[in-house]
Amino acid sequence: MIAERIGWLRSPGFRKSYLTLVGLIAMLLVIFPFLWIVLSSLRGVDDFFSLELSNALPKTFDLTSYKLALGRSDLVRWTANSLFIATGTTLLSLTVSAPAAFAIARLRFKGRAAGATILISSYAIPSIMLAIPVFVLLTTLRLNNSYFALILLHATFTIPFTTWVLQDFYHSIPADLEEAGYIDGASLVQVLWRIILPLSIPGLLAAGAYSFILSWTEFLFAFLLVQSNDAFTAPVGVHAFFTGRNATASVMAQLMAASGFVSLPSVLIFAYFQRYLVSGFLTGAVKG
């Protein structure tokens, strides 16, 4: 009897069921905060603090919280600011990391390995350690309260990781294709532009999506550097608007609506590009 039970526990069917259950639990833990925000924002304002199970799910799709949040704050302006900064960060990150990753992956020069190690190691430095030096430096240069400064700052965090992703992706591209380009008379830049980049679109999309999401959700440096209400990014604007307000049902419902509105772009970006994120991160793991 014991041997039969042990054999059943080791069977492929049990393993599949066990892994499926673990995966479902992990998925629920990850999506629960966002799901709770969305459901709370769709409740009626009067039922927001209700503890009855019957009010856990909204009976109707009540958009009053969204109307109040959009009407009483500059949420649309803040979202547009975040969109501009995240897009600029993504373009700058790809512009720098694509040729940098190609140089590390394919070219042979002195200090290449050390440079690659330093680049990826810089990503491990906690942002909070750089907050005061960066604030003092940018304030001295009069770049505080500037979109340009935020784009540069966000790019310094995204470039190391995107370079690492693209470097591994370039390793998966056969070197024979590059050699064929050189034989046909193409220069190094032409090989990168006409051969490597078109073949590495999944990796570029994965790196770009990561850069966009990281810039969109960044709070610390945007909070330190931006003082004007009109220049706030979406996370900073939501924080500034709701900080210090009484926790009434109306205010909390608006906060849930604003949080859901701000989170939606990054969720949509991830949902659309998730196949490229997976393929871009894993392609470099299988070379040849």
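Both backbone and side-chain heavy atoms feed into the values below; hydrogens, waters and symmetry mates do not. If you're wondering where the values come from, they're calculated on a predicted model, not measured in any experiment.
In terms of heavy atoms, Val165 sits closest to Gly203 at CG1-O, 4.5 Å. The nearest pair of heavy atoms linking Leu204 to Ala98 is CD2-CB, 4.3 Å. Nearest heavy atoms, Ala131 versus Leu224: CB-CD1, 3.6 Å. The two residues Ser211 and Thr162 make their nearest non-hydrogen contact at OG-CG2, 3.2 Å. In terms of heavy atoms, Arg106 sits closest to Pro174 at NH2-C, 3.9 Å. Nearest heavy-atom pair, Ile85 versus Ile151, reported as atom, atom and distance to 0.1 Å: O-CG1, 3.8 Å.
Separating the OG1 atom in Thr233 from the CZ atom in Phe219 is a distance of 8.0 Å, to the nearest 0.5 Å. If you take CD1 on Ile196 and CD on Glu178, they are separated by 4.0 Å, rounding to the nearest 0.5 Å. The line from OG1 of Thr90 to CG of Leu205 is 11.5 Å long, rounded to the nearest 0.5 Å. Separating the OG1 atom in Thr20 from the CD1 atom in Ile25 is a distance of 11.0 Å, to the nearest 0.5 Å. Between the OG atom of Ser200 and the OH atom of Tyr170 there is a distance of 4.5 Å, given to the nearest 0.5 Å. The OG atom of Ser97 lies 6.5 Å from the CD1 atom of Ile159; values are rounded to the nearest 0.5 Å.
Phe148 is connected to Val236 through a chain of hydrophobic side-chain contacts under 4.5 Å among Ile, Leu, Val, Met, Phe, Trp and Tyr, so both are in one cluster. Under the 4.5 Å side-chain heavy-atom criterion for ILVMFWY residues, no single connected hydrophobic cluster contains both Val226 and Ile132. One hydrophobic cluster, built from ILVMFWY side chains closer than 4.5 Å, cannot hold both Leu264 and Ile37; they sit in different ones. A single hydrophobic cluster is not seen to contain both Ile31 and Ile213; linkage of ILVMFWY side chains at heavy-atom distances under 4.5 Å, directly or through other members, places them apart. Trp78 and Val76 fall within the same hydrophobic cluster, where Ile, Leu, Val, Met, Phe, Trp and Tyr residues are linked whenever their side-chain heavy atoms come under 4.5 Å apart, directly or through other members.
Atom CZ of Phe242 sits in a crowded spot, with more than 12 heavy atoms from other residues, nucleotides or ligands closer than 6.0 Å. Annotation for Phe34: atom CZ counts as buried by contact number, over 12 foreign heavy atoms lying within 6.0 Å. A 6.0 Å sphere centred on CE of Met129 holds no more than 12 heavy atoms belonging to other residues, nucleotides or ligands.
Aromatic rings from Phe157 and Phe221 are positioned such that their centres are separated by under 6.0 Å.
Between the side chain of Gln190 and the main chain of Arg194, no donor-acceptor pair closer than 3.5 Å is present. In this structure, the side chain of Glu179 does not engage the main chain of Gly181 through any donor-acceptor pair within 3.5 Å. The backbone N or O of Ala234 lies less than 3.5 Å from no partner atom in the side chain of Trp216, so there is not a single donor-acceptor pair. A distance-only check finds no donor-acceptor pair linking the side chain of Ser263 to the backbone of Gly260 [under 3.5 Å]. Side-chain atoms of Asn144 do not come within 3.5 Å of backbone N or O of Phe135 as any donor-acceptor pair.
Ser93 and Thr158 share a side-chain donor-acceptor pair at under 3.5 Å.
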| said: Before you tell me yes or no, could you show the steps for Val262 and Thr217 under side chain to side chain contact (heavy atoms under 4.5 Å, CB included), namely the whole-Å CA-CA distance, both residues' side-chain angles and the distance that decides it to 0.1 Å? | reply: CA-CA 9 Å; Val262 170; Thr217 57; over 6 Å; no

| field | Stepwise ring-ring contact (aromatic ring centres under 6.0 Å, His included) check, Tyr210 with Phe161 | value | CA-CA 9 Å; Tyr210 170 81; Phe161 187 82; 4.3 Å; yes

| request: Please test Phe232 against Phe241 for ring-ring contact (aromatic ring centres under 6.0 Å, His included), starting from the C-alpha separation and ending with a verdict. | output: CA-CA 10 Å; Phe232 282 161; Phe241 183 77; over 10 Å; no

| query | When you look at Leu83 and Phe212, which way does the side chain to side chain contact (heavy atoms under 4.5 Å, CB included) test go after all the steps? | reply | CA-CA 9 Å; Leu83 180 62; Phe212 186 94; 3.9 Å; yes

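The salt bridge (charged side-chain N to carboxylate O under 4.0 Å, His left out) pairs that include a residue from residues 142-166 number zero, where partners must be two or more places apart or lie in different chains.
Side-chain contact between Leu138 and Leu153 is present, with at least one heavy-atom pair separated by less than 4.5 Å. Looking at Val238 and Leu75, their side chains come closer than 4.5 Å, going by heavy atoms from C-beta outward. Inter-residue side-chain proximity for Ser215 and Ser82 is flagged as unmet; no heavy-atom pair is nearer than 4.5 Å. In this structure, the side chains of Leu214 and His154 stay at 4.5 Å or more apart for every pair of heavy atoms. Counting only heavy atoms from C-beta outward, the side chains of Asn145 and Leu225 never approach each other to under 4.5 Å.
Through direct or indirect side-chain contacts shorter than 4.5 Å among Ile, Leu, Val, Met, Phe, Trp and Tyr, Leu91 is connected to no other residue.
With sequence neighbours left out, Tyr147 forms a ring-ring contact (aromatic ring centres under 6.0 Å, His included) with Phe84.
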